Amino acid sequence: MQKSEQGKHWHLDGETLDHREPEPVATPVAPARDLSRERLERPLHVVTAEHLGWAGIAIYTTLTRLVALGARPLDAGEARNALYAFERATPGTHVTGGYYPAYGGWIHALTAGVFEFGGANDFSARIVFALSGLVLVAMAFGLRRHLGRAGGLALGAMLALSPSVTWFSRASATALPAVAMTLVTLAAFMEVKARPGRSRAAILGVAAGLAIAAGPVGLVTAGIFIASLAPLGLWALVSRKNVGLAISVWLDRYAALPVIAIAAAVATCALSQCLLPGGWDAARLGRRAGMLAGVGARRALVIAIDGGLRFYLPVLTLYEFMI
């Protein structure tokens with residue numbers, strides 16, 4: 001350590017004698033926020049391959065079900081149903097010659113409502129069935145929690161690309177609404193199974209009632225469900241442990257749910273049938289029973305199965321092979 005010549009300051013060896021105060025450091029000023037740029041560049045959602053897949057299915061399904069829906073003239077069966085709905089929409093008109101459908105009261109009522117508010121034409125005669133086709137594909141998205149993300153996407157793609165499903169979505173056939181409501185029923189059943197509740201049980205019953213009341217396909221599908229679930233229940237009865245205790249606990253907690261579902265289904269079917277003139281006509285039912293008795297129940301069953309195979313087998317073999 002040395003003393004400077006002036007003798008006033010001490011300094012270390014190598015330290016300069018020119019002592020200066022350090023300059024104050026300027027505090028950085030934050031730039032002004034560009035709120036417009038921040039809002040416009042903010043990411044809203046990450047688009048995944050699944051999102052693109054569902055978007056493609058939705059666009060394709062909408063275009064193939066709704067574009068030029070009224071371009072093809074109504075065939076005989078479609079015209080018969082359309083004329084019946086036209087009679088319902090315009091009381092006092094008689095254009096069907098006494099034709100009354102046996103099923104699908106709620107479908108014909110919806111079509112009559114479309115005629116009332118949107119006019120009667122080929123497009124409006126098919127719009128209820130086209131919307132049922134959209135619901136059918138949309139239910140694949142609703143079931144993806146139970147099928148898995150890939151499984152739901154695959155089901156939606158198969159239903160959207162199916163030639164038969166596409167055709168029936170663009171035709172006035174009660175089979176398509178019955179199938180659509182069947183998938184709704186299946187989704188409602190899975191929801192009740194996962195989260196039991198009275199409101200979900202009522203929704204299940206209404207969906208099942210609409211499926212059964214839509215047409216014979218819905219009734220056959222309900223029978224298939226019962227025939228499929230019964231062996232599963234019997235297998236669980238003999239293979240699982242403490243089945244009696246599990247049944248007792250379930251009935252203690254949820255005994256009201258099947259009652260609510262069955263009551264809602266019966267009420268929905270009855271209301272749909274009441275929308276058809278003569279829907280509960282005992283004379284008409286007697287005539288049909290007499291026709292079956294005259295042909296013979298076994299012969300009638302053979303004729304029905306033969307007709308069904310002749311209709312569906314070429315469709316499933318030729319049109320739906322790849323699906």
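Treat the numbers as computed from the prediction; the structure is a model and nothing was measured.
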Minimum heavy-atom separation for Ala178 to Thr182, with atom names? O-OG1, 2.7 Å

What's the spacing between Ser169 OG and Leu69 CG if we round to 0.5 Å? 9.5 Å

Apply side chain to side chain contact (heavy atoms under 4.5 Å, CB included) to the pair Glu191 and Arg145, showing each step before the final yes or no. CA-CA 10 Å; Glu191 287 298 322; Arg145 189 164 69 89; 2.8 Å; yes

Where do Gly119 and Ser124 come nearest, in terms of heavy atoms and distance? O-OG, 2.8 Å

Which atom of Ala130 lies closest to which atom of Leu66, heavy atoms considered: CB-CD2, 3.8 Å

I'd like to know if the side chain of Ser172 and the backbone of Glu78 have a donor-acceptor N/O pair within less than 3.5 Å. no

Cluster link Leu237 to Trp250, ILVMFWY, side chain under 4.5 Å: yes

Is the shortest heavy-atom distance from the side chain of Leu210 to the side chain of Val184 under 4.5 Å? no

Would you name the heavy atoms of Arg195 and Arg200 that are closest together and state the gap between them? O-CD, 3.2 Å

Using the test side-chain contact (heavy atoms from CB on, under 4.5 Å), find all partners of Leu110 that sit at least two apart in sequence or belong to another chain. Trp106, Val128

Begin from the C-alpha positions of Thr166 and Tyr319 and carry the test side chain to side chain contact (heavy atoms under 4.5 Å, CB included) through to its verdict. CA-CA 11 Å; Thr166 304; Tyr319 299 155; over 6 Å; no

Counting only heavy atoms not in Arg149, do more than 12 sit closer than 6.0 Å to its CZ atom? no

Provide the closest heavy-atom pair for Phe115 versus Ala120 in the form atom of the first, atom of the second, distance. CD2-CA, 3.6 Å

Beyond-backbone contact of Leu245 with Val249, side-chain heavy atoms, under 4.5 angstrom: yes

Hydrophobic cluster partners of Val238 (side-chain heavy atoms under 4.5 Å): Trp235

Under 4.5 Å between side-chain heavy atoms, hopping through other hydrophobics if needed: is there a path connecting Ile260 to Val192? no

Atom pair CG (Asn81) and CD1 (Ile107), whose distance is rounded to the nearest 0.5 Å: 9.0 Å

Can you measure from OG1 (Thr221) to CD1 (Ile226) and round to the nearest 0.5 angstrom? 11.0 Å

What do the steps show when you test His146 against Lys193 for side chain to side chain contact (heavy atoms under 4.5 Å, CB included), and what is the final call? CA-CA 11 Å; His146 307 287; Lys193 183 176 180 297; over 6 Å; no

Phe189-Leu143 co-clustered via ILVMFWY side chain contacts under 4.5 Å: no

Partners meeting side-chain contact (heavy atoms from CB on, under 4.5 Å) with Leu153 (sequence neighbours left out): Trp54, Ile57

Cluster question for you: counting only ILVMFWY and a side-chain heavy-atom cut-off of under 4.5 Å, with indirect links fine, are Leu136 and Met139 together? yes

Side chain to side chain contact (heavy atoms under 4.5 Å, CB included) between Val165 and Arg65, intermediate numbers included: CA-CA 10 Å; Val165 173; Arg65 271 62 172 178; 3.6 Å; yes

Any ion pair linking Asp122 and Arg126 (charged N to carboxylate O, less than 4.0 Å)? no

Atom pair OG (Ser199) and CG (Leu204), whose distance is rounded to the nearest 0.5 Å: 11.5 Å

When rounded to the nearest 0.5 angstrom, what is the spacing between CZ in Phe141 and CG in Leu155? 13.0 Å

Examine Leu251 and Tyr254 and state if one hydrophobic cluster contains both, with Ile, Leu, Val, Met, Phe, Trp and Tyr joined whenever side-chain heavy atoms are less than 4.5 Å apart. yes

Heavy-atom distance under 4.5 Å between the side chains of His108 and Leu275, does that happen here? no

Counting N and O atoms only, with roles assigned by atom type, does the side chain of Arg170 sit under 3.5 Å from a partner on the main chain of Arg72, one being a donor and the other an acceptor? no

Over all atoms of both residues, closest heavy-atom pair of Thr268 and Gly205: OG1-O, 4.5 Å

If we only count heavy atoms from C-beta on, is the Tyr84 to Thr111 side-chain gap below 4.5 Å? no

Might you confirm whether atom CZ of Phe225 has over 12 heavy atoms from other residues, nucleotides or ligands at distances under 6.0 Å? yes

Indicate yes or no: at least one non-hydrogen side-chain atom of Leu134 is less than 4.5 angstrom from one of Thr61. yes

Have His51 and Thr48 got a donor and an acceptor in their side chains that come within less than 3.5 Å? yes

